J.: 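Have a look at this one.
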Amino acid sequence: MEVIIRPDAESAARLTARLIARAVRQKPDLVLGLATGRTMERVYALLVDMHRADGLDFSRCRTFNLDEYVGLSPDDPGSYHEYMRRHFFSKVNLDPARAHLPDGSAPDPDAESRRYEASIRAAGGIDLQLLGLGRSGHIGFNEPLSALQSRTRVKCLTEITIRENQTQFPDPSRMPRRAITMGVGTILECRRLLMLVTGEAKADVLARAVEGPITAMISASAIQLHPACTVIVDEAAASKLEGQNYYRWIFRTEPEWREFQDV
Ligand code: GLP
């Protein structure tokens, strides 16, 4: 794992978007794993800018989102389908047929979870998976005690996740209590992971995920098992990391990061 500390949330989002853009240019038929949440909104806006200004081409990409709320139809304003359309899909040249999310309105959410897992496998697996970090330590919606080998399935949300995400709903009482999420095992099979975490409110949980013991209580700690994982954070989120000076030094001195010093 490598941890890259940027001065603020804007430059952390810029670096994240630049790394995604580089991956799309290197492999135009990239299978890209996408994440939702407030932190990612700026990343999508920057990718849209790159599409418009520099012709960043998503036409051959396929995408798979991490999760979707159970009980919401794809056109529900609170759904992640709608989030993705609003922030990204409607603004770039990605064929809607190539953009995948679990269907939260499927009559049998367990069967839908299995179908989603199979569709990732049929696509040849995910090349690059974007991840955020929830206050409960989740990646996707893998709440505490998610098995480290779990696959796509239904999870009950924690109180803190419900509190945090309710603000995204026009009517907070309509926020579902369950979600279909890629499992921790599904995420660990992606060929590369790119996690973006910003803000002081995430500093404690970030330190537990990155430097603490690997535990199902903090599903994000499983990223320590992944051979190709980059975590991009701002100073505020990094404030509780013991190794922060070492991580800064790597970014300043390692040749692979030279072209990103001013991002
Ligand atoms: C939701 C998503 C997660 C995301 C998290 C963080 O819970 N399921 O994938 O990482 O939000 O959201 P925010 O960026 O709004 O803090």
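For the single chain, residues carry numbers from 1 onward in sequence order. Model, not experiment: these values are computed from the prediction. We count ligands from 1, going down the list as the structure has it; atoms in each ligand are counted the same way.
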J.: Give me the atom names and distance for the closest heavy-atom approach of Ile180 to Glu112.
T.: CD1-CG, 3.7 Å

J.: State plainly whether one hydrophobic cluster holds both Tyr80 and Val70, where clusters connect Ile, Leu, Val, Met, Phe, Trp and Tyr through side-chain heavy atoms under 4.5 angstrom apart.
T.: no

J.: Distances for all N or O pairs of ligand 1 and the protein under 3.5 Å?
T.:
from: ligand 1; atom 1: 7 (O); to: His138; atom 2: NE2; distance (Å): 2.9
from: ligand 1; atom 1: 7 (O); to: Asn165; atom 2: ND2; distance (Å): 3.0
from: ligand 1; atom 1: 8 (N); to: Asp67; atom 2: OD2; distance (Å): 2.8
from: ligand 1; atom 1: 8 (N); to: Gly140; atom 2: O; distance (Å): 3.2
from: ligand 1; atom 1: 10 (O); to: Leu133; atom 2: N; distance (Å): 3.3
from: ligand 1; atom 1: 14 (O); to: Arg38; atom 2: N; distance (Å): 3.3
from: ligand 1; atom 1: 14 (O); to: Thr39; atom 2: N; distance (Å): 2.9
from: ligand 1; atom 1: 14 (O); to: Thr39; atom 2: OG1; distance (Å): 2.4
from: ligand 1; atom 1: 15 (O); to: Arg38; atom 2: N; distance (Å): 2.8
from: ligand 1; atom 1: 15 (O); to: Arg38; atom 2: NE; distance (Å): 2.8
from: ligand 1; atom 1: 15 (O); to: Arg38; atom 2: NH2; distance (Å): 3.2
from: ligand 1; atom 1: 16 (O); to: Lys202; atom 2: NZ; distance (Å): 2.8

J.: Assess the residue pair Glu117 and Thr186 against the criterion (side chain to side chain donor-acceptor pair (under 3.5 Å)); give the C-alpha distance rounded to whole Å, side-chain angles, the decisive distance to 0.1 Å, and a yes or no.
T.: CA-CA 8 Å; Glu117 183 81 26; Thr186 319; 3.0 Å; yes

J.: May I ask you to decide if the ring planes of Phe251 and Trp257 are parallel, tilted or perpendicular, using 30° and 60° as cut-offs?
T.: tilted

J.: I'd like to know whether CD of Glu256 has more than 12 heavy-atom contacts from other residues, nucleotides or ligands below 6.0 angstrom.
T.: yes

J.: Of all the heavy-atom pairs spanning Ile218 and Arg208, show the shortest one and how long it is.
T.: CD1-CZ, 3.7 Å

